[in-house]
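So the structure is just underneath, and the comments pick up after that.
The sequence lines fix the lettering, A, B, ..., with proteins before strands; numbering per chain opens at 1.
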Protein chains: 2
Amino acid sequence: MATPPAPHPLPEPLIDLVAQRFRVLGEPMRIRLLDHLRDGEATVGELQTALHASQQNVSKHLGILHGAGLVSRTKRGTSVVYAIDDPTVFELCDQVCGGVRQRVADLDALLQA
Amino acid sequence: MATPPAPHPLPEPLIDLVAQRFRVLGEPMRIRLLDHLRDGEATVGELQTALHASQQNVSKHLGILHGAGLVSRTKRGTSVVYAIDDPTVFELCDQVCGGVRQRVADLDALLQA
DNA sequence: CTACTCTACAACCGGGTACTTGTGCTAATG
DNA sequence: CATTAGCACAAGTACCCGGTTGTAGAGTAG
């Protein structure tokens with residue numbers, strides 16, 4: 001039951017959910033957070049120093065990612081540890097990376113010609 | 001050279017491009033347009049009536065999709081025909097649909113318990 | 001040439017969101 | 001108990017973006 005192909009046409013509520021998930025991934029800061037968590041779990045402070053961002057901002061974006069079910073939140077002492085909870089995001093990123101690169105290559109080819 | 005795995009850590013410019021592409025897909029109207037174009041090419045007017053949206057709005061979103069390289073634009077008489085130009089978007093949607101469904105199922109399971 | 005159709009562009013407005021600042025809460029430490 | 005560290009929440013501000021309105025250009029018909 002890995003992933004049945006998406007129904008077509010997409011029912012309206014599903015469209016909103018899909019768009020919402022895409023929108024969550026549509027922020028560079030959140031992409032950076034996910035990319036960093038690819039190396040393993042990390043606390044807010046660690047991500048803060050690694051990404052050179054304010055603690056509040058990091059916490060906020062992590063909260064959004066957690067609300068979308070993409071990362072897990074675990075209290076450990078005074079710290080809070082976040083970790084990837086939905087590994088499929090990396091497949092998404094890989095695909096998008098491929099698409100973006102192809103797009104860039106095409107544009108570059110047009111300039112060369 | 002289908003799709004080499006994304007580099008890690010993601011270089012900064014690529015992060016922005018990825019986020020930008022995700023953001024393009026983060027609008028219900030654009031998802032609807034892409035979903036409709038899955039049946040084949042269509043003119044602005046056809047999409048307008050099919051989606052019950054204003055001509056300007058449809059044209060605007062199609063312009064964004066075209067700018068992102070996701071759809072192609074072809075003039076045919078007075079009309080303009082749009083078509084899917086990057087079929088990978090459907091794989092993305094399928095994956096996201098799967099993730100969203102899984103997420104919803106998990107939440108539902110929590111409520112049942 | 002005139003009128004109509006189809007589409008794209010520009011200006012505007014309201015809502016949403018990212019980032020900052022300030023603050024409160026919890027847990028560990030002495 | 002008092003202090004400090006770590007994190008989340010709330011308010012404020014600036015900005016971006018989606019939708020509407022108005023309009024201009026290209027193509028076709030009469």
Side-chain angles (χ1 to χ4, degrees), chain A residues 12-13 15-37 40-85, chain B residues 12 15-37 40-83 85:
Chain A
E12 197 63 19
I15 286 182
D16 290 340
L17 288 176
V18 170
Q20 182 180 344
R21 173 152 290 200
F22 276 130
R23 189 189 291 269
V24 169
L25 296 175
E27 282 304 310
M29 176 67 72
R30 292 198 275 269
I31 297 292
R32 275 190 284 266
L33 286 170
L34 290 173
D35 187 52
H36 194 92
L37 288 177
E41 59 181 25
T43 67
V44 177
E46 293 169 355
L47 294 170
Q48 172 186 353
T49 58
L51 302 181
H52 307 290
S54 71
Q55 177 268 320
Q56 290 90 334
N57 202 16
V58 170
S59 175
K60 189 172 187 177
H61 284 297
L62 285 173
I64 293 176
L65 291 173
H66 176 64
L70 299 180
V71 301
S72 64
R73 172 192 290 175
T74 307
K75 288 209 61 172
R76 184 177 303 170
T78 74
S79 298
V80 176
V81 178
Y82 285 89
I84 297 294
D85 197 27
Chain B
E12 196 63 20
I15 285 183
D16 290 342
L17 289 175
V18 169
Q20 182 180 345
R21 171 151 292 198
F22 275 130
R23 190 189 292 266
V24 168
L25 296 175
E27 282 304 309
M29 175 68 71
R30 292 198 275 269
I31 297 292
R32 276 190 283 266
L33 287 169
L34 291 173
D35 187 52
H36 194 93
L37 288 177
E41 59 180 24
T43 67
V44 177
E46 293 169 354
L47 294 169
Q48 171 185 351
T49 58
L51 301 182
H52 308 289
S54 72
Q55 176 269 321
Q56 290 89 336
N57 201 16
V58 170
S59 176
K60 192 173 184 175
H61 284 296
L62 286 173
I64 293 175
L65 290 173
H66 180 247
L70 299 180
V71 300
S72 64
R73 173 191 289 174
T74 309
K75 289 209 62 172
R76 184 177 303 170
T78 75
S79 299
V80 176
V81 179
Y82 284 89
D85 196 26

In whole Å, I'd like the distance from the [atom1] atom of [X] to the [atom2] atom of [N].
| X | N | atom1 | atom2 | result |
| --- | --- | --- | --- | --- |
| Arg76(B) | dT7(C) | CZ | C1' | 15 Å |
| His66(A) | dC9(D) | NE2 | C1' | 15 Å |
| Leu51(A) | dA18(C) | CG | P | 16 Å |
| Lys75(A) | dC25(C) | NZ | C1' | 9 Å |
| Leu62(B) | dC9(C) | CG | P | 12 Å |
| Gln55(B) | dT5(C) | CD | P | 13 Å |
| Ile64(A) | dG16(C) | CD1 | P | 15 Å |
| Leu47(A) | dA8(D) | CG | C1' | 15 Å |

Arg23(A) or Val58(A): which one's nearest nucleotide on DNA chain D is closer to the 5' end?
->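 Here Val58(A) is the residue nearer the 5' end.
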
Assert: residue with more 5' nearest nucleotide on DNA chain D, out of Gln56(A) and Thr78(B), is Gln56(A)

In plain terms, say whether Arg73(A) and Glu41(A) are close enough for a salt bridge, that is, a side-chain N and a carboxylate O under 4.0 Å apart.
->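 No, Arg73(A) and Glu41(A) are not salt-bridged.
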
Electrostatic pair Glu27(B)-Arg32(B), nearest N-O below 4.0 angstrom =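 A salt bridge is absent here (no side-chain N lies under 4.0 Å from a carboxylate O).
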
Which is true for [X] with a 4.0 Å heavy-atom rule: it touches a base, it touches only sugar-phosphate, or it touches nothing?
| X | answer |
| --- | --- |
| Arg73(A) | sugar-phosphate |
| Ser59(A) | base |
| Arg30(A) | sugar-phosphate |

Strictly below 4.0 Å: does [X] bring a side-chain N or O up to OP1 or OP2 of [N]?
| X | N | value |
| --- | --- | --- |
| Ser54(B) | dT20(D) | yes |
| His61(A) | dC19(C) | yes |
| Tyr82(B) | dC6(C) | no |

Among the candidates dA8(C), dG19(D), dT26(C), find the nucleotide nearest to the side-chain atoms of Lys60(B).
->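 For Lys60(B), the side-chain atoms sit closest to dG19(D).
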
Taking the side chain of Asn57(A) as its heavy atoms from C-beta onward, which of dA26(D), dG6(D), dT20(C) lies nearest to it?
->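 The listed nucleotide nearest to Asn57(A)'s side chain is dT20(C).
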
Spell out, as yes or no, whether a donor-acceptor pair under 3.5 Å connects the side chain of His66(A) to the backbone of Val71(A).
-> yes

Do Ile84(A) and Leu34(A) pass the side-chain contact (heavy atoms from CB on, under 4.5 Å) test, and can you show the C-alpha distance, the side-chain angles, and the key distance before you say yes or no?
-> CA-CA 7 Å; Ile84(A) 297 294; Leu34(A) 290 173; 3.7 Å; yes

Between Gly77(A) and Thr43(B), which is nearer to the 5' end of DNA chain C once each is assigned its nearest nucleotide?
->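 That would be Thr43(B).
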
Member of Asp35(B), Leu62(B), Ile64(B) meeting the side-chain contact (heavy atoms from CB on, under 4.5 Å) criterion with Arg30(B) | Ile64(B)

